[in-house]
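Throughout, protein chains are lettered first and strands after them, A, B, ... in sequence-line order, and every chain is numbered starting at 1. Predicted model only: the values in this text are computed from it and were never measured.
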Amino acid sequence: MASIRRSQRIAAPAEQVWELVGDPVRLPEWFPGVTEAVVDGDQRTITLGSGIPLPETILTNDPVTRRFQYTVTGGLFRHHLGTIDVFDLGDDTCLVSYSTDAVPDVMALVIGGAAGAGLRAVKQRFEHEES
Amino acid sequence: MGRRILFITTDQQRYDTLGCNGGTLGRTPVVDRLAADGIRYERAVPQSVVCMPSRSTMLTGQHQATHGVWMNGVPLPVDAPSVAALLRESGYRTALIGKAHFEPFMDPFERFNENRLATLGTDTLTAPQFGGGVGPHRGFDHLRFATHGATGWLHYAKWIGAEHPESVNDYYAVVDADLEVNAAGFGDTGAPQVKHNPIPRDWYHTDWVAQRTIDWLDGLDAEDDWFCWMSFPDPHHPWDPPQSELHRVPWQDVELPAGYPESAAERERLLDDKPRHWRLWYDGQLVSNYEAPTHWVPASMTADQVREVNAMNAIEVELIDEAIGRVLAEVDRRGWTDTVDVVFTTDHGELQGDFGLLFKGPYHVDGLMRLPLIWRPAPSAAVEPAVVTAPVGLVDLAPTFASIAGLEPSEWMQGQRLPTTDADAAARGIDQQLTAWDSELFGVGVYLRTITRDGWVCSTYLPGAVHDGTEGELYSLAEDPLQQVNRWDDPSVRGIRDDLVAQLRASLPPERTPALELEAPV
């Protein structure tokens, strides 16, 4: 199994950032190449820019600790766990971490690499577009 | 009306695969003629030995430390400088046809421009691009992309999927079920990445790239100035040329390359003389980069497999040569020959059996580092044919293109226009080239910095997964053309080593900070 982590420190309060990245329906607003996210209970189906649909199960959506976890249940994955954490750094900034554990290994880099671009988009949004 | 530029690149082609460079396996009369009429470089060096960083250097005229594409999978920023944009701003029509690879291929999100353009079904000038901008992509106002095989998002894959769907699966599957570089072999010997491809030659990507280039040229006005980057995906693996062409080079007749010792003991002795990662990869104990198959052990490679790989490679090189001939015939038919500069090169080499290894990786030796480079200046420029032995680099291409167009090199370019003679090189102080390697794959980091100068190639290692930062390699290119004797620890050349290392450290450009992120495997 491979594990990839991407993170960004963002100059915005943790709760504001969590409102975006912790909402499973809002994924297309910040994750590159995701065109749609449909949530039904703990099931989410996202559609990729290539048109590929990916079914997922939401495992954790904890607004207290600000942790969101999900697993992709289709596609090439034999194992997948995605974890988003938003840490309050106490000075109206926060650290957002997006971890991807996957088999096949290569998929961890495919998802994790896109997640890194997504976190940069979140940082841009809060620090430059909403200020 | 000025000088036009036909920039021809191949992918992963060795210096010694051209007849004009002493190659005997494949026939390359077209490129050999360009060399005879122009300038042939005997020591052309890439600034990186993998595709994306090297191609980014060609486009930007910058070292990887500056453009920031430190490994395959790191996308070149969309606002990176581009010599194509410079030429376009001065009135050139610009096109890139074939393999670009400034952005990752493995992209199920289809979030990178190169992968989206074919889906958008547009040229770049009028279509809103991903990200909302409008305009040419990286300075090219016409793009038609292809890569190895017929799957994926690019124009060639979509074309063959629409026009000849029965042939999509004729190609070798580049990756396996785990999306790792495929180690399977479907030729005669079981060599990895080899397949007998039933696809008709006319549908093969080499001929597709040539035909799309001809089509674009056909659409230009006679008076147009133009810059066309024609970029063939071959002879990069997979080695799966049309099987109708296999008769050209029967692998059974291929002599083993000089860099491949047939004795396993000799291969191991040579590898043990180099930093640890060489032997660890050979034995299947370390795969440091995505470009080599994870599930393949080089030590298992047989001599016949080396023969078959070299034969297939030579066939692909022949097909490229013939395709170039077709394009040059079209250039001639349009009456442009006298005003067209032709530059032929590749992004990096291929080990192709050297030391018992295939593919590429953190190995700065001639198999990967000595490139074919030919510049046939426009006959109207009356440049005398020459052979240049001074070290030149792919970083020198962008200022060369600017010079051909009558432009001053931009301040962001870090190379120099190519010398036309050794005397020209000496007069302008062109005497060294730098090459860098950085890879980080699932916790394995390997980092090299190399200088080619004064007839030596000297590599230093930074601390990484299997190096402590004291390792190095030092080869005399004249005395040891196969780089089989590592003189890093030879006290008789310690002064040379120290001078080269000092020169290397003084010459390296500062690293871009923060570093760009790895976003995909390739």
Side-chain angles (χ1 to χ4, degrees), chain A residues 1-9 27-37 46-56 72 74-80 82 97-125 129, chain B residues 52 71-75 77-78 103-120 129-132 151-154 157-158 161 173-182 287 289-295 439-444 514-522:
Chain A
M1 184 181 77
S3 186
I4 298 289
R5 184 183 66 227
R6 296 286 186 262
S7 61
Q8 285 287 341
R9 182 173 183 172
L27 190 68
E29 293 183 35
W30 61 277
F31 199 102
V34 172
T35 59
E36 187 180 49
I46 66 170
T47 303
L48 310 186
S50 56
I52 298 171
L54 269 189
E56 302 169 339
V72 179
L76 298 169
F77 293 93
R78 296 196 293 278
H79 169 78
H80 171 264
S97 167
Y98 193 128
S99 301
T100 305
D101 304 325
V103 180
D105 292 359
V106 171
M107 288 308 295
L109 190 47
V110 171
I111 303 289
L119 294 187
R120 292 198 299 276
V122 173
K123 182 179 178 71
Q124 171 75 17
R125 176 170 175 161
E129 296 173 11
Chain B
M52 289 181 66
M71 181 41 61
N72 279 346
V74 178
V78 291
E103 297 162 8
F105 288 144
M106 195 171 284
D107 178 24
F109 298 99
E110 211 170 321
R111 63 195 180 94
F112 297 111
N113 281 337
E114 288 173 17
N115 299 324
R116 287 179 52 80
L117 280 166
T119 299
L120 289 169
Q129 301 303 310
F130 192 61
T151 57
W153 330 110
L154 304 180
K158 289 188 184 288
V174 178
V175 296
D176 62 19
D178 284 343
L179 300 179
E180 303 281 358
V181 175
N182 203 340
V287 178
N289 53 295
Y290 181 76
E291 291 71 27
T294 301
H295 306 298
S439 60
E440 294 175 354
L441 184 68
F442 304 133
V444 177
L516 299 177
E517 282 188 353
L518 184 66
E519 296 199 23
V522 67

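A:Leu76 touches chain B through its side chain: at least one heavy atom from C-beta onward sits under 4.5 Å away, while N, CA, C and O do not. There is no contact between A:Leu54 and chain B, counting heavy-atom distances below 4.5 Å.
For chain B, the option among A:Ala114, A:Ala2, A:Gly116 with the highest count of heavy-atom pairs below 4.5 Å is A:Ala114. Each of A:Gly51, A:Ser3, A:Gly49 has some count of heavy-atom pairs under 4.5 Å with chain B, and the biggest count is that of A:Gly49.
Considering all non-hydrogen atoms of both residues, A:Val106 and B:Leu179 come closest at CG2-O, 3.6 Å. Between A:Pro104 and B:Ala177, the closest heavy-atom pair is CG-O, 4.4 Å. Heavy atoms only, all atoms of each residue included: A:Asp105 and B:Phe442 are closest at O-CZ, 3.3 Å. When every heavy atom of B:Glu519 is checked against every heavy atom of A:Ala117, the shortest pair comes out as OE1-CB, 3.8 Å. Summarising the geometry of B:Pro521 relative to A:Val110, their closest heavy-atom pair is CD-CG2, 3.7 Å, with the distance given to 0.1 Å.
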| task | Mind running side-chain contact (heavy atoms from CB on, under 4.5 Å) on B:Asp178 and A:Arg78 for me, showing each step along the way? | result | CA-CA 10 Å; B:Asp178 284 343; A:Arg78 296 196 293 278; 2.8 Å; yes
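Crowding of A:Arg120 atom CZ: a count of heavy atoms from other residues, nucleotides or ligands under 6.0 Å exceeding 12.
Note that the CD atom of B:Glu110 and the CD1 atom of A:Ile52 stand 8.5 Å from one another [nearest 0.5 Å].
Proximity of A:Thr35 to B:Phe109: side-chain heavy atoms (C-beta onward) are nowhere separated by under 4.5 Å.
A side-chain donor-acceptor contact under 3.5 Å links A:Ser50 to the backbone of B:Pro108.
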